[in-house]
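Taking it in order: structure first as structure tokens, then the write-up.
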Amino acid sequence: MRTTKPTAVLLSTLLAVTLGAGTAPAVAFGQPAAPGSLAAEPNQVTGLRVSQADGYATLAWTPVAGATDYQIERTPVDASDTATGPGVVVGIWRPNRQVDNTSPTFADAGFDPGQRFRWRVRARIDTAEQPYSAPVTGSTLAPWGDPAVPGQNLRTQWETTKAAQYTSDVDEYAYTAEIDRLSDRVRVVEIGRTVQDRPINMFVIGHPAPPATPAAVAATSPLAINCNVHGNEPGDREACLVLARKLAFGTDARTVDLLSHTTVLIVPTINGDGRAANTRGNSTGQDLNRDYSLIRQPETTAYVEMLRDYRPVAGYDGHEYGNSQAGDLPMLPPRHQNVAKQIFDESLDMIEGHMYVQGARDGWWACPYGCQGGSGVGLSEETILRNTLGLKNTVNSLLELRSSGGQTRPDEGNSANNRRRKTYSALWTFSQFLDYHRANLPAITKARGEAIGFQASNTGRLVFRGSRPIPLHPAPHPGEAGPRDDLPVPEMILDDAPCAYKLTEEQYNGARTDGPDGVGATVAQRIAAHGWKVVKGTDGYYVPLAQPERGLIPLLLDEQGAEEWVAGSRVHPTRTGRHNGPLTVSGFACLEDATVNGPVTVLPGAILVATGTTISGPVNAAGAAGIFLGDSTVRGPVSVAGTTGAISLIGNTVSGPVSMAVNNTGSGPALIAGNSVHGPLSCAVNSPAPTNIEVANSVRGPRSGQCAAL
Ligand SMILES: [Zn+2]
């Protein structure tokens with residue numbers, strides 16, 4: 001490889017003009033033109049350089065003053081750089097493609113990876129084509145993995161058929177099993193089965209090996225990719241299968257570093273029945289991405305239970321989308337208004353602060369879902385995974401691969417070219433997602449911790465449907481157009497949030513008919529799948545809002561919900577304001593923004609919920625049914641023993657010791673998260689052991705027993 005000099009660029013340009021593209025000598029691949037190299041002709045693009053990555057080539061060039069857009073031409077060449085086919089315009093660069101127009105880039109994709117090409121770029125001013133740049137020739141990267149290295153040499157059906165076929169269910173299972181067998185980094189877990197009994201597999205990937213249990217994985221602040229919920233949108237799934245191989249067998253420093261710091265969860269095919277039939281919905285016709293809150297289907301139930309157990313802090317959800325006008329990679333944060341603002345903000349930053357910026361570097365065009373001319377999409381249904389994840393305090397984004405080549409990728413009439421561009425753009429996005437997580441984990445976990453604290457404080461209005469607006473950027477910019485604001489209408493707002501919902505025995509345990517035959521789980525089972533805290537009282541089942549999924553609970557239990565399970569009774573606070581003297585709780589008590597100047601005693605079988613409340617303490621609960629404290633202050637010790645239902649202590653300040661003993665909380669572990677304890681924290685003989693759900697407590701005294709690590 002020789003060094004490119006300005007004269008070489010000039011020479012090859014002249015030869016290209018003189019002799020035609022077929023015989024022009026190659027400019028050394030990957031070598032940038034020297035700064036300041038002059039255009040041979042007016043308005044000719046200069047400084048073209050091409051770099052290779054998995055499934056795409058990034059073209060970058062020096063902008064031409066006054067250019068309206070640019071055309072990217074690709075010509076296949078053989079080993080001696082003789083053209084083997086015509087040059088074709090494969091890409092149109094537009095100024096709204098990237099955040100920084102001073103360094104235009106374009107990710108060319110769709111070609112058969114490993115083949116050799118020559119590229120040229122020309123500006124258009126209005127519609128007038130200007131001279132092409134000097135050509136740059138290079139070999140693209142072959143599909144990832146050394147054919148001589150076991151594991152690395154695995155290939156999917158999609159790869160071996162050069163995108164003529166999508167990977168079948170049978171081929172996916174065989175490929176998945178081989179990765180599992182050959183890589184110590186991978187454990188494949190079956191998280192559930194589809195209606196037609198296909199396995200729903202999840203890759204659990206870590207270095208040198210993934211943690212052994214879901215709780216141990218949760219402690220690594222994992223990230224999760226859901227690859228294929230709509231069966232007729234398979235592009236992301238193929239990317240996930242390639243990504244799993246790269247993570248399982250890659251020996252590069254970046255991969256090892258990523259996997260040494262977290263655990264990657266990849267669910268390639270949640271909707272195996274729909275994929276096999278190439279249908280959007282599952283085998284019952286249900287759109288699963290309208291079911292993640294309701295979990296009427298086994299597929300969505302499996303995913304939600306996975307979220308409960310593995311607690312990913314960040315997620316992506318892969319789709320394809322039919323906008324032909326703009327954007328390779330429409331993305332969108334969880335913008336349902338019940339999602340904590342911290343989660344919305346961090347998710348938006350992942351898209352705008354990371355994906356837009358990296359997209360401008362690598363040539364991929366991310367934009368807010370909807371982009372140009374797509375205002376009816378990306379709304380506030382909490383049934384959509386994007387919003388469900390946000391309501392579970394997970395930073396995340398939707399990803400919509402533009403399904404057709406559209407106006408800016410005019411060479412995708414060939415379906416293999418189209419499929420490859422989509423899949424490799426998804427591979428780029430998911431790889432960037434890993435890098436974002438690696439670089440921003442402190443910000444992600446801070447947002448998550450604050451969001452959980454906010455939700456458990458049960459403050460602010462409830463919105464049943466309605467979105468936060470996506471702020472638009474001045475054009476030209478990838479974020480110049482997006483989905484419509486989708487603000488809540490008055491009927492979708494409840495200003496006076498209840499303290500809890502109370503369900504009858506029939507509502508809680510009654511048989512349901514809103515799922516497929518034989519699947520109809522009860523509300524009790526669905527609440528358990530979401531991981532909410534429930535307490536059985538003397539007169540019904542209480543679901544307090546002072547818990548991490550406060551934003552989601554009303555959407556399913558309030559009669560005002562757009563798609564609720566049942567119309568539970570709203571239970572409002574029983575006490576606000578000032579109370580002087582001791583307080584003894586029997587039955588159900590809910591303190592909201594209250595002050596208790598005295599000790600609080602919770603009697604056996606009673607339920608105490610307190611948010612925004614100051615108690616001069618101590619708080620003593622022996623044999624209570626449930627204890628929920630959120631965003632409260634206790635000036636004295638807190639002692640909770642023998643609880644039979646549920647415990648949640650989140651975001652409180654306790655100036656005395658906290659003791660938790662012999663609690664048998666049937667609906668999951670006691671939550672002790674984000675508290676500030678000015679004394680010792682001791683936990684003993686609780687079943688299950690308490691958890692901080694990865695939101696650390698600040699404890700001045702010693703931590704002991706089951707809370708030693710909280
Ligand atoms: Zn979709």
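We count ligands from 1, going down the list as the structure has it; atoms in each ligand are counted the same way.
Below 30°, between 30° and 60°, or above 60°: for His319 and His230 the angle between ring planes is above 60°, a perpendicular geometry.
Remark: Glu382 engages Arg465 in a salt bridge, criterion side-chain N to carboxylate O under 4.0 Å.
Donor-acceptor pairing under 3.5 Å is recorded for the side chains of Asp273 and Thr194.
At a cut-off of 2.8 Å, Glu400 does not coordinate the Zn ion (ligand 1) through any N, O or S atom.
For an aromatic pair to be called close, the ring centres must be under 6.0 Å apart, and Tyr424 with Trp158 satisfies this.
Geometry note: the Zn ion (ligand 1) is the vertex, Glu233 OE2 and His319 ND1 are the arms, and the angle is 160° (rounded to 10 degrees).
With respect to the Zn ion (ligand 1), His230 has ND1 as its nearest N, O or S atom.
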